[in-house]
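The next block holds one structure in the form of structure tokens; read it before the comments.
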Amino acid sequence: MSENFSDSEFDRALRPEGEQGEGGHEHNAPRVARSASNQHSGLGGSSTNVPAPHMNGGSKRRKPRARRMSLSLTRIDAWSVAKVTFLLSVAFGIIQIVAVALIWALLNVVGVFDQVTQIVSSTGLDAGGFNLASVFSFSTVISTVTIVAIVEVVIATIFAVIIAALYNVISQLVGGVHVTLGDD
């Protein structure tokens, strides 16, 4: 993705097709040598002094056109993908633990666990003093969600690194994803 451009080649790459470059010359036209005062030096062009377009006193100014540049994403660094995915997965795991704790607290305050226990015991399925609140105690639920979050962090990180490695192999075959960027 890192191509070596000189400043003038970079400017030409950013210029939209058909747009004129410095001095009003189309960017496909032969290049003319210029002096420091931005006048023709006579090498490969006319010897008359032509002022630059921005130096014409009363001429109209063009609105600047949006520049466009086509780039290709040809390689993704697996180590950077691993670091970013790990941190995002940890953040998602923390959010998951906090959300489950809040949901458990809400269900406990509303009395869902007690109501389900009463429904089960009233149907005659009460096998030895069934208590849903003891089965789904806060510590049990949080411990289970924490273990699941840790497993999710490991799986997501490994999966993202595998996807990045597969992308690198495939982009060597097809040239990567082509993107066109532009100014607004």
Side-chain angles (χ1 to χ4, degrees), residues 1-17 19 63-184:
M1 192 162 138
S2 62
E3 296 181 22
N4 295 327
F5 284 119
S6 69
D7 288 340
S8 62
E9 289 172 334
F10 186 72
D11 289 338
R12 278 190 305 232
L14 291 176
R15 193 177 303 124
E17 289 185 32
E19 182 178 315
K63 288 185 179 179
R65 287 187 175 175
R67 297 183 293 179
R68 293 184 180 269
M69 185 167 198
S70 294
L71 299 172
S72 296
L73 181 60
T74 56
R75 185 177 179 283
I76 299 174
D77 184 36
W79 179 242
S80 66
V81 168
K83 291 187 291 187
V84 169
T85 305
F86 175 76
L87 290 176
L88 287 174
S89 299
V90 167
F92 180 71
I94 292 170
I95 291 169
Q96 198 173 14
I97 293 168
V98 170
V100 167
L102 291 175
I103 290 171
W104 187 92
L106 179 68
L107 292 176
N108 192 35
V109 167
V110 172
V112 172
F113 299 123
D114 295 332
Q115 289 177 358
V116 172
T117 302
Q118 287 177 358
I119 291 171
V120 169
S121 62
S122 68
T123 59
L125 298 174
D126 190 16
F130 175 75
N131 187 4
L132 188 62
S134 65
V135 173
F136 289 114
S137 67
F138 185 75
S139 61
T140 304
V141 170
I142 293 299
S143 298
T144 304
V145 171
T146 303
I147 291 170
V148 168
I150 291 170
V151 170
E152 286 175 350
V153 166
V154 172
I155 289 173
T157 304
I158 291 171
F159 186 68
V161 170
I162 290 171
I163 293 295
L166 285 173
Y167 179 83
N168 290 339
V169 169
I170 291 170
S171 73
Q172 287 179 351
L173 298 173
V174 297
V177 174
H178 301 285
V179 180
T180 301
L181 303 175
D183 285 344
D184 284 337

Shortest non-hydrogen contact between Thr157 and Val153, atoms and distance
OG1-O, 2.8 Å
Show me the side-chain donor-acceptor pairs of residues 171-178 shorter than 3.5 Å, one per line, residues at least two apart or across chains.
unit_1 : atom_1 : unit_2 : atom_2 : d
Ser171 : OG     : Thr74  : O      : 2.5
Ser171 : OG     : Tyr167 : O      : 3.3
Ser171 : OG     : Asn168 : O      : 3.1
His178 : ND1    : Ser72  : OG     : 2.6

For Ala78 versus Ala164, what's the shortest heavy-atom pair and its separation?
CA-CB, 4.4 Å
Nearest 0.5 Å, what's the CG-CE distance between Leu181 and Met69?
8.0 Å
Mind checking what makes ring-ring contact (aromatic ring centres under 6.0 Å, His included) contact with Phe138, not counting sequence neighbours?
Trp104
Set of side-chain contact (heavy atoms from CB on, under 4.5 Å) partners for Ile162, sequence neighbours left out
Ile158, Leu166
For residues 79-87, which side-chain N or O atoms pair as donor and acceptor with protein atoms under 3.5 Å away, sequence neighbours left out?
unit_1 : atom_1 : unit_2 : atom_2 : d
Ser80  : OG     : Asp77  : O      : 2.9
Thr85  : OG1    : Val81  : O      : 2.7

Counterpart residues, side-chain contact (heavy atoms from CB on, under 4.5 Å), relative to Leu106 (two or more places apart):
Val110
CZ (Phe136) with more than 12 external heavy atoms under 6.0 Å
no
side-chain contact (heavy atoms from CB on, under 4.5 Å) partners of Thr146, counting only residues at least two apart:
Ile97, Ile142, Ile150
Contacts of Ile163 that satisfy side-chain contact (heavy atoms from CB on, under 4.5 Å) - sequence neighbours left out
Phe159
